Visitor: 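Please see the structure below; I have some questions.
Computed from a predicted model, the values in this text were never measured in an experiment. Proteins get letters first, then strands, A, B, ... in listed order; numbering begins at 1 in each.
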Number of protein chains: 2
Amino acid sequence: MDKETNHQKRRQRRTTSYDVARVAGVSQSAVSRVFKAGASASAEMRQRVQAAAKKVGYRPNAIARGLITQRSNMVAVVISRMTNLYYPELLMQLTREFSHHGIRVLLFTLEHESEIDSVLEQMLQYQVDGIVTAAMLNREQLALIDEAGIPVALYNRRSRDGLASAVRCDQEEGERWLVTQLVEAAHRRFAIISGPEDSTVSVERTSSAVQKLAELGIQEVTVVGGDYSYQSGRLGFPAIVKQLGGPPDAVIAANDVMAIGCIDAARQEFNLPVPEALSVVGFDGVGPARYAAYNLTTVQQPVERMTQATVAMLLERIKDPQLPPEERIFAGAKVAGGSARLLI
Amino acid sequence: MDKETNHQKRRQRRTTSYDVARVAGVSQSAVSRVFKAGASASAEMRQRVQAAAKKVGYRPNAIARGLITQRSNMVAVVISRMTNLYYPELLMQLTREFSHHGIRVLLFTLEHESEIDSVLEQMLQYQVDGIVTAAMLNREQLALIDEAGIPVALYNRRSRDGLASAVRCDQEEGERWLVTQLVEAAHRRFAIISGPEDSTVSVERTSSAVQKLAELGIQEVTVVGGDYSYQSGRLGFPAIVKQLGGPPDAVIAANDVMAIGCIDAARQEFNLPVPEALSVVGFDGVGPARYAAYNLTTVQQPVERMTQATVAMLLERIKDPQLPPEERIFAGAKVAGGSARLLI
DNA sequence: GCCGCGGTTGAATGCGAATGCCGGCTCGCC
DNA sequence: GGCGAGCCGGCATTCGCATTCAACCGCGGC
């Protein structure tokens with residue numbers, strides 16, 4: 001008998017629960033019951049059905065099951081730009097956590113926030129049981145989802161109008177801490193490298209920093225725009241120097257990767273030692289922040305706890321859609337690091 | 001009328017094509033045809049149906065459609081460990097590329113290769129149209145998938161027995177280039193930091209390097225084990241020094257992240273300037289490899305072209321399952337960088 | 001000995017959309 | 001004006017499984 005591989009054959013009829021039923025000499029309902037967790041079936045029945053199923057190579061069809069049960073056991077995860085280096089970590093943990101609960105992740109990535117509408121449409125068509133999004137949704141979009149009765153968890157976004165649950169890191173508090181430390185250590189000339197303008201995360205971080213600086217008596221702050229990338233941090237520093245007519249005392253970057261770019265620019269292009277001549281702080285606490293060459297002063301998001309909270313909140317609301325939205329805020333871990341001269 | 005949000009209501013019946021049909025005063029088939037691309041329907045019909053659909057907020061149910069058409073329009077993507085820093089990039093590009101073709105990505109992540117079997121079962125139950133895997137599948141697993149008539153594309157894995165298509169980077173050639181350059185630049189005492197033993201990628205890279213070194217007359221090579229992480233590179237270097245009784249001339253790391261860890265250890269703990277006193281090379285060409293503090297000598301995988309090839313190959317085989325498997329191998333880009341003393 | 005109850009099993013139905021087939025209508029051409 | 005060729009829309013069926021309802025079996029209690 002020749003071992004022809006299957007991709008050479010015409011695609012055959014799938015084996016269904018009826019096939020198993022026929023082989024086992026029972027009804028289709030019985031097969032269904034055996035493959036469903038809490039259903040009543042005698043031990044003998046189980047045996048026969050399982051034997052028959054193995055014999056014919058039966059595998060329940062999750063699509064058909066989803067159609068009848070109205071549960072797809074899939075959640076959509078929306079992520080905007082991967083440049084935020086901790087997203088892979090987040091993604092890994094989300095899928096793992098969900099899979100422990102028998103739920104699969106349908107992944108959607110966005111290059112531009114404008115794609116959201118079409119992506120949203122996709123998700124809804126696929127009848128996902130819930131949505132985790134790390135991209136900003138506007139009021140209409142949230143209303144649309146609510147309309148469909150699907151629970152949403154916003155990741156690192158504020159909940160709007162109580163239409164969705166949210167998990168986020170307390171960025172304001174984190175930035176205030178960074179700013180306070182810097183000011184206490186006698187830094188006076190400040191500059192900020194912000195993230196993309198359409199990123200609420202960046203806007204929050206930047207404005208928190210500006211506000212705290214003002215509180216502490218520092219009104220003049222140079223702000224240059226970045227896009228979360230290494231390159232934009234790298235270019236941001238010369239831009240700052242140009243605007244200020246000289247180097248600042250400290251640079252506050254909206255994320256770690258830009259902070260790293262900024263440090264490289266300062267050291268390499270301006271011969272400014274960090275932290276001796278210049279303090280640079282970031283935000284996120286991603287992997288490279290701990291590389292010895294940078295050893296960033298930053299605030300680390302408790303990604304693991306945040307993802308766990310996200311998953312827990314979403315699962316609760318899938319089980320009981322009546323539950324009201326909830327917001328959970330986690331404090332970030334302060335990392336003194338060595339990229340800024342601090343008193344601590 | 002009070003604006004009660006939906007999560008407070010009982011989950012309502014979904015609006016179906018029948019609802020649209022009733023409102024538009026046509027049959028369900030007509031509705032279906034309007035929402036299907038190449039179907040025949042008059043302009044007036046389209047109008048009426050679309051108006052009615054908007055009015056009742058209809059959205060075709062992809063699950064039901066999948067059941068009847070035998071196509072879920074989903075592909076499974078399996079990724080083993082995210083520590084390989086370029087995976088997020090890969091993932092981003094894969095989902096984007098697939099979505100351009102109307103296909104969604106169902107994501108599966110593996111912590112241990114042992115989880116593959118259960119994950120495989122999941123994928124098959126969800127009737128995915130194709131599979132992209134960056135984790136190793138054994139013969140039985142590939143046979144199982146082939147049995148189900150689902151095309152597979154292996155990412156950076158060799159195709160086995162012609163059971164699956166594969167896209168990969170020519171790692172052997174890349175390692176040979178690195179080794180040749182180092183030897184020509186008079187390096188003699190070599191050490192290698194390998195990746196996890198169960199990673200075929202690491203095994204290939206390591207053995208290619210060892211082999212080429214032998215060809216060039218260098219038999220003695222110290223090999224220490226790593227796990228692709230920064231920390232393991234960082235710990236690998238002291239381990240090498242201990243085994244050798246002193247620093248080597250060059251370290252070949254199985255990936256960039258370990259190379260970075262190794263450099264940090266050499267500089268910080270041994271006061272060895274890189275590349276002056278020690279050459280370190282990596283592999284992958286991930287983002288951090290280009291940070292100025294490291295500027296790695298490495299081989300960069302053409303991730304974009306590879307993902308495009310992967311998607312193209314898989315789509316072809318979804319369309320025509322008869323197509324035989326194919327293997328596409330891409331050369332990596334040689335990056336001279338500055339972490340090794342080379343003649344070029 | 002009969003009734004009823006708990007536990008099983010089978011037949012039938014429905015989830016929501018796609019599609020083969022057919023009837024009816026329109027339009028063109030002779 | 002008649003006839004045939006297309007189009008188009010509707011009817012009925014199907015995908016694979018879960019679930020309701022009713023039938024059934026065995027057993028204990030009265």
Visitor: To the nearest Å, give me how far apart CG (L67(A)) and C1' (dT19(D)) are.
Guide: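 So the two atoms are 14 Å apart, to the nearest Å.
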Visitor: Take the protein atom OH of Y126(B) and the nucleotide atom P of dC15(D), then report the distance between them rounded to whole Å.
Guide: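 It works out to 22 Å between those atoms.
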Visitor: Might you point out which heavy atoms bring S80(B) and M92(A) nearest each other, and give the distance in Å?
Guide: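 In terms of heavy atoms, the two residues are closest at O-CE, 3.6 Å.
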Visitor: Does the R48(B) side chain pair with the main chain of A24(B), one donor and one acceptor, at a distance under 3.5 Å?
Guide: yes
Visitor: In whole Å, what is the span from the CZ atom of F35(A) to the P atom of dC17(D)?
Guide: 9 Å
Visitor: Would you mind reading off the distance between Y18(B) atom OH and dA12(D) atom P, rounded to a whole angstrom?
Guide: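 Nearest whole value for this atom pair: 11 Å.
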Visitor: Contact class for R46(A) (heavy atom, under 4.0 Å): base, sugar-phosphate, or nothing?
Guide: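 Nothing, no heavy atom under 4.0 Å.
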Visitor: Thinking salt bridges, do R168(B) and E327(B) make one under a 4.0 Å N-O criterion?
Guide: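 A salt bridge links R168(B) with E327(B).
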Visitor: Walk along nucleotides 19-28 of chain C from 5' to 3' and tag each nucleotide B, S or - by protein heavy-atom contact under 4.0 Å, base first, then sugar-phosphate.
Guide: BBB-------
Visitor: Once you round it to whole Å, what is the distance between P of dG16(C) and CD1 of I63(A)?
Guide: 15 Å
Visitor: In whole Å, I'd like the distance from the CZ atom of R14(A) to the C1' atom of dT14(D).
Guide: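 Atom-to-atom, R14(A) to dT14(D), this comes out as 13 Å.
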Visitor: Within the structure, does a side-chain N or O atom of S27(B) lie under 4.0 Å from either OP1 or OP2 of dG10(D)?
Guide: yes
Visitor: Considering non-hydrogen atoms only, spot the tightest contact between D129(B) and S72(B) and give its length.
Guide: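 The answer is OD1-N, 3.2 Å.
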Visitor: Going by atom types alone, do S32(A) and S17(A) pair a side-chain donor with an acceptor below 3.5 Å?
Guide: no
Visitor: What's V31(A) touching, base or sugar-phosphate or nothing? Going by heavy atoms closer than 4.0 Å.
Guide: nothing
